[in-house]
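Numbering of ligands and ligand atoms starts at 1, following listing order.
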Amino acid sequence: WQDRGASVIRQQEVDSSGQTVTRTVKKGVKDFNFGRTLGEGSYSTVLAATDRQTLKEYAIKVLDKRHIIKEKKVKYVNIERDTLNRLTEHPGIVRLYYTFQDERSLYFVLDLASSGELLGVLKKMGSFDMECARFYGAEILDSVAYMHSRGVIHRDLKPENVLLDKDMHVKITDFGTAKILPEPRVGGAGSQEAPGDPTDGAETDRAVSFVGTAEYVSPELLRDKNACKASDLWAFGCIIYQLLAGRPPFKAANEYLTFQKILALDYTFPDAFPEVARDLIERLLVLEPANRLPIEHIRNHRFFDGVQWGKGLWRQKAPRLK
Ligand SMILES: NC(=O)c1nn(CC2CCNCC2)c2c1CCc1cnc(N=C3C=CCC=C3)nc1-2
């Protein structure tokens, strides 16, 4: 594996003659104190860790090389690293600082989101009020807009992958199943792909195509195994519904029945569900991807009235969860 992207750190120091020197140092396992396990995957474990020199806290994803090769996941690991290396300039996305490796493992040094999953907080509250649903919906949408602007489709957006940092701001994670869109050919036929344009997310090899988590998977992914940018907007609609209702719109006794409900657009709103939220969700949970509300129209929807988009959104205090 080449440690592509940042893997050496430049440190400024003042030497004995008072000169500022820049040293490049390569971090390794010995530079960290590892703490609690934050998550486990089939070939990776995510641990909290503290840099022994700077005392900064990180999440370090440890990937077992032998396991990756055995489970034929090399492609997913490279997609995750390349995706994270593209998404370094947004507060709402878990940042990859650098990678290093030893003979057994790969290490991704990532932002630590110390307040855990949005799902955990939602379960504790039961459901969010409109102010909290609007704030978290806005931070998730702002992050998805940035991903899409960098040619990345997440494909598995769900409350478990929306983490919260120490100030209760959003940090989206888990890009191992993301799709990096081909660079738009300048002036070429597909250069202005519509959000729902199937060619913009088409899996090159038909056989291999990832399907997200049942409750949030889009109808086009079920029907023709094609994810597009609008697939993330379908999942976004499911998340807004869930923040206010306390449960996802499509949930049945098993995955097959859940898929049937999605394909039939078979869902209802609880009594007293806020009308302005209902209107937005009905424009996102649309079977035809090209007919879903595009991001700029979502930002201007009445549901987000009063939201300060841009840097202001990320600088303000997160609303107290009540
Ligand atoms: N797959 C990953 O890359 C990843 N997985 N986790 C933990 C998962 C636990 C199950 N739900 C999805 C996330 C992380 C990351 C990125 C980097 C990352 C940063 N901070 C946290 N923080 C957590 C704190 C408390 C509980 C869970 C996660 N977690 C992660």
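Under the 6.0 Å cut-off for aromatic ring centres, H169 and Y136 do not qualify, their centroids lying 6.0 Å or more apart. The distance between the ring centers of H67 and Y43 does not fall below 6.0 angstrom.
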Anything under 3.5 Å between a donor and an acceptor, one on a side chain of residues 126-134, the other on a protein residue two or more places apart or in another chain? List them.
unit_1: D129; atom_1: OD1; unit_2: E131; atom_2: N; d: 3.3
unit_1: D129; atom_1: OD1; unit_2: C132; atom_2: N; d: 2.8
unit_1: D129; atom_1: OD2; unit_2: K322; atom_2: NZ; d: 3.3
unit_1: E131; atom_1: OE1; unit_2: K322; atom_2: NZ; d: 2.8

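Residues passing the ring-ring contact (aromatic ring centres under 6.0 Å, His included) test with F34, sequence neighbours excluded: none. By the side chain to side chain contact (heavy atoms under 4.5 Å, CB included) test, R278 pairs with F269, F273, E282, sequence neighbours left out.
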Can you list every pair where an N/O of ligand 1 is under 3.5 Å from an N/O on the protein?
unit_1: ligand 1; atom_1: 1 (N); unit_2: K61; atom_2: NZ; d: 3.3
unit_1: ligand 1; atom_1: 3 (O); unit_2: K61; atom_2: NZ; d: 3.0
unit_1: ligand 1; atom_1: 11 (N); unit_2: E117; atom_2: OE2; d: 2.6
unit_1: ligand 1; atom_1: 11 (N); unit_2: E160; atom_2: O; d: 3.2
unit_1: ligand 1; atom_1: 20 (N); unit_2: A113; atom_2: N; d: 2.9
unit_1: ligand 1; atom_1: 22 (N); unit_2: A113; atom_2: O; d: 2.9

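Between F100 and Y107, the angle of the ring planes stays under 30°, which puts this pair in the parallel group of the 30/60° scheme.
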